Amino acid sequence: MNGSSYQTLQSPPTAAEFAQIVHISRPVVIKGFQFPALKRWTDDYLRDKLQDQLISVAITPNGRADAIATGPGGRLFFVEPFTEKVTITRLLETLKTGKRVLSCSKTNQKYPVKLQSEQDSDNTSASYLQSQNGNIYSSRYFESPNDAPSEFCTLRGDVPTSIPWVTEALGRVPDAVNIWIGNSKSVTSIHSDPYENIYTVIRGRKHFTLLPPSEGWCLRERTYPHAVYGLTDNSNDMIVVPSLDTPQVRWSSVVDPDSPGSLPPEAHPLHITLEAGDMLYLPVGWWHYVRQSGPTTIALNWWYDAEVQGMNWVWLNLLRGTGSVPSGNDETDTL
């Protein structure tokens, strides 16, 4: 499972070939899978199709949603983004210019802390469409297509509901199909998912740093109190708002695995860059840290339930460690 190389296929595999890829459980880059979104999704096309439809966009002060940040009392929190409803026109303009005006009122806060030191030099936040809830097709769609609303219904004709050879090999449809729209400000902190993930770049580039489940120990997981980002009265500064009655979150304490010295020498990360049209098979349990480049980067992914059970479930949990992990606030390290 370890190693620094990966396979690139110049055309999509057959179902039998993909079943073998899943069995090996290593990332594979796949080229040549064509569908309408790859050719159609210009800014003008998206504006014409979505028009005034409001879409859910994640807002953070530093581009790091679902990540560790410093909050009240200097404590570290796992912080989820503030969510704002905007039109596609506004989102695309924000991504292009790098400037935006937060228009929502302040949320109810307790012990808020300003994050001025984490703001960009032009005092703008980062916007990233990353709702991850099956925002194109949810599991409900596959059960009842006529009763599965989406903010992106008008784009469904451009996106296949499933990847044919994946569905045939795994014997099931996806649990979720998601659209992602952002720019170079947004970074996905390193984590792993319980899904077989098929990720395709439509525009721009995505840069993946990957570690196999067997190297999860390198990421020094800790537990953190949960929080969300909120807004101050003047809607210009963002604050960390601790959550009430929300369980602690287990998360990697490694903020940037690409930073020199952040991983031990025993680690063997894979570095993969996807161009527009490239597809990545990311096996269940693999850790991934994702950056993007380009003025506007658009991607789609298909999440297939891995049905991790039996010895596979035991194996993945053994690699991650099923025991308790230390608190991220019991150590001397700070962000």
Side-chain angles (χ1 to χ4, degrees), residues 37 41 43 46 50 53-69 78-96 98 100 102 104 118 120 124-139 150-152 155 159 174-195 197-210 226-231 238 240 249 251-252 255-256 274 276 279-280 282 286-303:
W41 282 9
D43 285 1
L46 294 175
L50 292 169
Q53 169 68 47
L54 294 178
I55 55 179
S56 302
V57 175
I59 313 295
T60 61
N62 55 10
R64 295 178 180 270
D66 303 330
I68 308 306
F78 172 82
V79 189
E80 294 193 59
F82 180 86
T83 300
E84 186 180 34
K85 296 271 195 175
V86 301
T87 64
I88 189 65
T89 296
R90 180 174 169 187
L91 174 60
L92 293 173
E93 184 64 20
T94 295
L95 297 175
K96 179 180 178 180
R100 66 183 303 281
L102 290 168
C104 300
E118 295 182 355
D120 296 324
T124 59
S125 53
S127 299
Y128 190 24
L129 195 160
Q130 54 124 59
S131 45
Q132 308 173 48
N133 57 355
N135 55 20
I136 293 277
Y137 301 109
S138 64
S139 58
S150 163
E151 296 174 344
F152 301 95
L155 295 181
V159 180
D175 257 19
V177 182
N178 301 300
I179 181 174
W180 312 73
I181 305 179
N183 61 15
S184 58
K185 283 186 176 182
S186 295
V187 176
T188 301
S189 62
I190 194 160
H191 67 287
S192 63
D193 294 313
Y195 294 104
N197 191 355
I198 308 296
Y199 201 101
T200 298
V201 173
I202 306 300
R203 288 169 51 183
R205 294 182 180 88
K206 291 273 187 171
H207 310 282
F208 289 78
T209 298
L210 308 176
H226 182 273
V228 295
Y229 283 117
L231 305 177
M238 302 202 77
V240 169
V249 178
W251 205 255
S252 171
V255 175
D256 181 359
L274 296 183
M279 175 178 283
L280 174 67
L282 184 60
W286 273 70
W287 297 85
H288 45 292
Y289 173 78
V290 190
R291 296 176 295 107
Q292 48 199 337
S293 56
T296 302
T297 302
I298 303 177
L300 291 164
N301 85 301
W302 290 257
W303 270 331

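Given the structure is predicted, the values throughout are model-derived calculations rather than measurements.
Between Phe78 and His226, the ring-plane angle classifies as tilted under the 30° and 60° cut-offs.
With contacts defined as side-chain heavy-atom distances shorter than 4.5 Å, the pair Ile181/Trp41 does not qualify. Here the side chains of Ser127 and Arg90 are not in contact, with every heavy-atom distance at 4.5 Å or above. When side chains are defined from C-beta on, Leu274 does not count as touching Thr200, because their heavy atoms never get closer than 4.5 Å. Side-chain contact between Ser186 and Gln130: absent, with no pair of heavy atoms (C-beta onward) separated by less than 4.5 Å. Residues Trp302 and Val159 are in side-chain contact: their nearest non-hydrogen atoms beyond the backbone lie under 4.5 Å apart. At least one side-chain heavy atom of Asp66 sits less than 4.5 Å from a side-chain heavy atom of Pro81.
Atoms OG1 and OH, from Thr188 and Tyr289 in turn, are 9.0 Å apart once rounded to the nearest 0.5 Å. To the nearest 0.5 angstrom, Ile136 atom CD1 is 10.0 Å from Glu151 atom CD. Atom CG of Leu92 is separated from atom OG1 of Thr296 by 6.0 Å, given to the nearest 0.5 angstrom. Here the CG-CD1 distance, from Asp43 to Ile298, works out to 7.0 Å after rounding to the nearest 0.5 Å.
Side chains of His207 and Ser293: a donor-acceptor N/O pair is present below 3.5 angstrom, by distance only. For the residue pair Trp180/Asn301, the side-chain donor-acceptor check at 3.5 Å is satisfied.
Ion pairing between a basic and an acidic side chain is recognised when a charged N comes within 4.0 Å of a carboxylate O; Asp256 and Arg291 show no such pairing.
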